[in-house]
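Heads up: the structure comes next, in structure tokens.
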Amino acid sequence: MISVDKVVKRYKDVIALDHFSFHAGKNEIVGLLGPNGCGKTTAINCMLSLLKFDQGTIELFGQPVNPNNNKTKARIGIVPQELAIFEKLNVVENVDFFCGLYVKNPAKRKELVDEAINFVGLEKYRKFTPGHLSGGLKRRLNIACGIAHKPDILFLDEPTVAVDAQSRNFILDGVKKMKDQGTTVIYTTHYLEEAEDLCDSFVIMDNGRNIAAGSLEDLQNSISTTESITVKFISEPDNLKELLENIKNVNQVIKSNNTYNIQFDKNNNNLTNLIHFIEENSLTYTEIRSEQPSLSNIFLELTGKELRD
Ligand SMILES: Nc1ncnc2c1ncn2[C@@H]1O[C@H](COP(=O)(O)OP(=O)(O)OP(=O)(O)O)[C@@H](O)[C@H]1O
Ligand SMILES: [Mg+2]
């Protein structure tokens with residue numbers, strides 16, 4: 001659905017995209033992740049042909065992007081980072097305006113507008129102007145404006161910033177539903193836990209470049225941080241730390257009171273091996289927890305930075 005190949009975009013002296021590449025297939029949610037100023041919005045604006053770029057190629061639906069191709073534009077939805085709604089128009093009028101850019105038939109348009117308003121849960125606010133909506137509800141209106149014409153590709157640029165928990169859940173459930181209906185979603189966010197839960201694959205950006213791409217499993221396999229298993233023991237022989245260090249594939253054991261954090265090299269059977277060791281030595285424990293590297297761990301290892309909220 002989207003193919004971006006080695007795109008370079010300069011704003012005078014600033015290189016905002018530095019040979020940036022990106023791919024998204026049908027029916028997937030791709031998380032575009034990276035720190036402030038790394039080039040996410042610039043990349044989206046180039047894909048939308050709202051911005052001209054200096055080098056490289058971008059294809060949507062197998063065709064090079066072109067600002068004058070209205071047929072392609074009708075298949076794309078954008079929910080921009082900054083709210084793009086009319087203050088003087090009410091909820092229905094706002095959604096109708098954006099839907100009307102692509103759908104001319106009045107009956108069809110009314111149906112789509114009603115559907116989009118219900119989809120984002122704004123049915124009680126149909127006659128409200130944005131000035132009378134909370135921040136979270138305004139964001140939902142911004143989304144309704146971007147999705148009403150049922151695009152095949154939807155760009156969502158930081159849709160959950162400064163949004164309360166209720167609206168955030170509404171937005172995330174809506175994005176999952178869009179995917180289930182066959183939409184390809186490009187989703188930028190600073191919230192890595194949110195991305196980890198929502199996205200099928202990820203592109204991690206830093207300084208205008210894509211530094212890693214793939215599913216969570218692909219990314220976990222590309223870094224050296226490994227599985228970590230934490231056990232809270234009840235019975236604890238004096239040399240337990242040493243014994244644990246001798247289990248196959250263990251590379252480090254960190255002890256804190258009776259809790260042991262055991263870091264393993266890559267292996268599929270680490271937890272099984274550890275439980276086997278516990279049984280063989282007749283040890284007892286109250287808690288055991290295995291964790292694979294999270295998206296935050298991966299981001300930190302790849303960029304050397306934490307991506308804070
Ligand atoms: N119109 C512009 N003129 C000059 N420089 C710009 C312009 N727009 C963006 N930039 C610069 O390009 C770089 C990328 O900006 P961009 O807005 O794409 O980042 P971003 O990843 O979307 O950031 P954020 O997470 O803050 O939204 C930054 O260094 C920014 O200052
Ligand atoms: Mg941005």
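When a ligand or atom number is given, it counts from 1 through the structure's own listing order.
A distance limit of 4.0 angstrom between heavy atoms and ligand 1 selects the residues Y11, V14, A16, P35, N36, G37, C38, G39, K40, T41, T42, Q81, E158, H190.
Between F128 and H132, the ring-plane angle classifies as perpendicular under the 30° and 60° cut-offs.
Checking each of V4, V7, D5 against S21 for a side chain to side chain contact (heavy atoms under 4.5 Å, CB included) leaves exactly one that passes, namely D5.
Other residues sharing a hydrophobic cluster with L101 under the 4.5 Å side-chain heavy-atom criterion for ILVMFWY residues are F86, L89, F97, F98, Y102, V103, L112.
Here the Mg ion (ligand 2) has protein N, O or S atoms under 2.8 Å from it, and they come to 2.
With a 6.0 Å radius and a threshold of 12 heavy atoms from other residues, nucleotides or ligands, Q166 has its CD atom at or below the threshold. By the neighbour-count criterion of 12 heavy atoms within 6.0 Å, atom NZ of K104 is densely surrounded, having more than that number from other residues, nucleotides or ligands.
The pair K110-D114 meets the salt-bridge criterion, since a charged nitrogen lies less than 4.0 angstrom from a carboxylate oxygen.
Residue pairs meeting the side-chain hydrogen bond (donor to acceptor under 3.5 Å, both in side chains) criterion with at least one member in residues 144-157, sequence neighbours excluded: T41-D157, R75-D152, E115-K150, D157-T188.
The closest side-chain donor-acceptor pair between T72 and Q63, if any, does not fall under 3.5 angstrom.
Residue F53 holds its CZ atom at 10.5 Å from CE of M47, rounded to the nearest 0.5 Å.
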